[in-house]
Trainee: 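Got a structure for you, written out below as structure tokens; questions coming shortly.
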2 protein chains.
Amino acid sequence: MGIKDDAVEVRAQGWRTLAALHGLIEAELERSLQAEAQLSVVEYTVLDALSRQDGWHMRMQQLARATALSASATTRLVNRLEDRGLLTRILCADDRRGIYTELTPAGLKLLEHTRPVHDATLERALAEAHEVPELAPLVDALPRLHAGV
Amino acid sequence: MGIKDDAVEVRAQGWRTLAALHGLIEAELERSLQAEAQLSVVEYTVLDALSRQDGWHMRMQQLARATALSASATTRLVNRLEDRGLLTRILCADDRRGIYTELTPAGLKLLEHTRPVHDATLERALAEAHEVPELAPLVDALPRLHAGV
DNA sequence: GCGGGATAATCGCTTGTGCAACAATAAATA
DNA sequence: TATTTATTGTTGCACAAGCGATTATCCCGC
């Protein structure tokens with residue numbers, strides 16, 4: 001095997017590690033958020049993304065990108081959260097195709113109540129992952145990505 | 001904000017980056033594998049995991065862990081692949097609750113035909129991700145995890 | 001050996017997802 | 001201005017996922 005084959009294998013292994021860590025964290029967050037606030041991970045992601053926007057409004061397509069979800073899934077996701085009163089749709093005046101989504105006070109309140117649970121679960125999941133030899137290096141590398149922030 | 005709050009935020013941002021990169025890669029692999037071999041990413045993962053086992057056999061539960069899937073989803077996933085003749089179930093003699101899954105020649109052949117496409121797509125997806133400033137550091141960190149292999 | 005608890009895998013049911021087709025609006029072109 | 005083309009978001013449909021209940025088997029203590 002030459003250098004090229006090694007690179008391929010290293011990439012594949014990196015991807016498997018990434019997928020494994022992602023799966024582990026997501027599963028724990030799923031359980032935790034479900035138990036605490038009847039929120040799925042994507043639902044929490046939407047609320048969180050909205051809260052970190054100036055004025056708390058985003059278009060559907062931005063939301064789709066932020067969640068790595070399809071357009072149709074995003075539509076229904078927003079429907080669910082709107083039905084629960086956690087966000088509202090706002091028609092965009094300048095581009096009448098576009099729709100802004102905005103966090104309601106109830107949505108913001110639920111988010112702020114849930115965030116500590118989310119963060120604690122994330123910390124615990126990372127600690128667990130660190131116990132797995134295969135995952136430890138990636139867990140260690142993660143905080144170094146944004147250490148300066 | 002104190003040191004503790006910073007750590008929380010760094011973890012959260014690391015997780016968002018991880019999730020974003022995972023979503024991007026998975027989406028590209030999904031398209032590519034679907035077009036090339038009518039395989040989903042998890043299906044490919046199963047075939048690949050089986051091929052890297054001694055004697056190419058694994059129990060359902062190992063498979064569930066390897067794919068980060070539930071037990072029931074694993075059952076149906078194996079059903080689909082078995083129906084397509086890509087793997088077979090083998091009753092375990094010593095523990096009659098257990099079931100081994102083994103790659104068939106057809107499954108191995110399909111895998112070996114698909115693997116180059118998979119690897120090329122992975123390389124391309126990582127290159128694309130590297131163009132995104134937010135993701136580049138993680139992309140760079142990945143190959144260093146198993147550089148010595 | 002025998003009952004009680006744990007473990008492996010499967011099945012019914014509900015829910016969320018992607019794809020493709022669609023409707024409405026904006027932008028480009030003639 | 002009129003007509004085409006692109007973009008934005010929603011809907012119908014089929015499929016895969018998780019949860020909980022169920023069945024079969026193993027293992028431990030008596």
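First the proteins, then the strands, lettered A, B, ... as listed; each starts at 1. Quick caveat: nothing in here was measured; it's all calculated off a predicted structure.
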Trainee: Figure out the CZ/C1' separation between B:Arg84 and D:dC15, and round it to whole Å.
Mentor: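 That distance rounds to 14 Å.
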Trainee: Can you work out whether B:Leu77 or B:Asp94 has the more 5'-proximal nearest nucleotide on DNA chain D?
Mentor: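 Closest to the 5' end, via its nearest nucleotide, is B:Leu77.
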Trainee: CD of A:Gln34 versus C1' of C:dT15: gap in Å, rounded?
Mentor: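 One finds 11 Å between C1' of C:dT15 and CD of A:Gln34, rounded.
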Trainee: Within the modelled atom types, does a donor on one side and an acceptor on the other bring the side chain of A:Arg97 and the base of D:dT7 under 3.5 Å apart?
Mentor: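 When only heavy-atom distances are counted, A:Arg97 does reach the base of D:dT7 through a donor-acceptor pair under 3.5 Å.
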Trainee: Under 3.5 Å, is there a donor-acceptor pair between the side chain of B:Thr74 and the main chain of B:Leu63?
Mentor: no
Trainee: Answer whether the closest heavy-atom distance between the side chains of A:Asp48 and A:His118 falls below 4.5 Å.
Mentor: no
Trainee: CG of A:Leu63 versus P of D:dT8: gap in Å, rounded?
Mentor: 14 Å
Trainee: Any protein N or O atoms within reach of nucleotides 10-14 of chain C? Criterion: under 3.5 Å, listing atom names and distances.
Mentor:
residue: C:dT10; atom: OP1; partner: B:Arg89; partner atom: NE; Å: 2.8
residue: C:dT10; atom: OP1; partner: B:Arg89; partner atom: NH2; Å: 2.9
residue: C:dT10; atom: OP2; partner: B:Thr75; partner atom: OG1; Å: 2.7
residue: C:dG12; atom: O6; partner: B:Arg76; partner atom: NH2; Å: 2.4

Trainee: Heavy atoms, side chains only, cut-off 4.5 Å: are A:His146 and B:Glu134 in contact?
Mentor: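 The answer is yes; the side chains approach within 4.5 Å.
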Trainee: Output the rounded distance in Å from CD (B:Glu26) to P (D:dA16).
Mentor: 15 Å
Trainee: Rounded to whole Å, how long is the line connecting atom CG of B:Leu39 with atom P of D:dA16?
Mentor: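 Result: 12 Å.
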Trainee: Once you round it to whole Å, what is the distance between P of C:dA24 and CG of A:Leu91?
Mentor: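 The distance from CG of A:Leu91 to P of C:dA24 comes to 14 Å, rounded to the nearest Å.
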Trainee: Starting from the 5' end of DNA chain C, give me the residue, A:Asp95 or B:Gly98, whose nearest nucleotide shows up first.
Mentor: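 Of the two residues, B:Gly98 wins.
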Trainee: What's the CD-P distance between A:Glu30 and D:dA17, to the nearest Å?
Mentor: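 Rounding to the nearest Å, CD of A:Glu30 and P of D:dA17 are 14 Å apart.
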Trainee: Tell me, do B:Glu123 and A:Val8 make a side-chain contact under 4.5 Å, heavy atoms counted?
Mentor: no
Trainee: Aromatic rings B:Tyr100 and B:His57: how do their planes relate, parallel, tilted or perpendicular, breaks at 30° and 60°?
Mentor: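 Judged by the thresholds at 30° and 60°, the geometry between B:Tyr100 and B:His57 is perpendicular.
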Trainee: Is a salt bridge present between A:Glu9 and B:Arg115, judged by a nitrogen-to-oxygen distance below 4.0 Å?
Mentor: no
Trainee: With side chain to side chain contact (heavy atoms under 4.5 Å, CB included) as the criterion, how do A:Leu86 and A:Glu43 come out once you've worked through the C-alpha distance, each side chain's angles and the decisive distance to 0.1 Å?
Mentor: CA-CA 10 Å; A:Leu86 302 177; A:Glu43 286 166 350; over 6 Å; no
Trainee: Could you state the CZ-P distance from A:Arg59 to D:dT7, rounded to the nearest angstrom?
Mentor: 13 Å
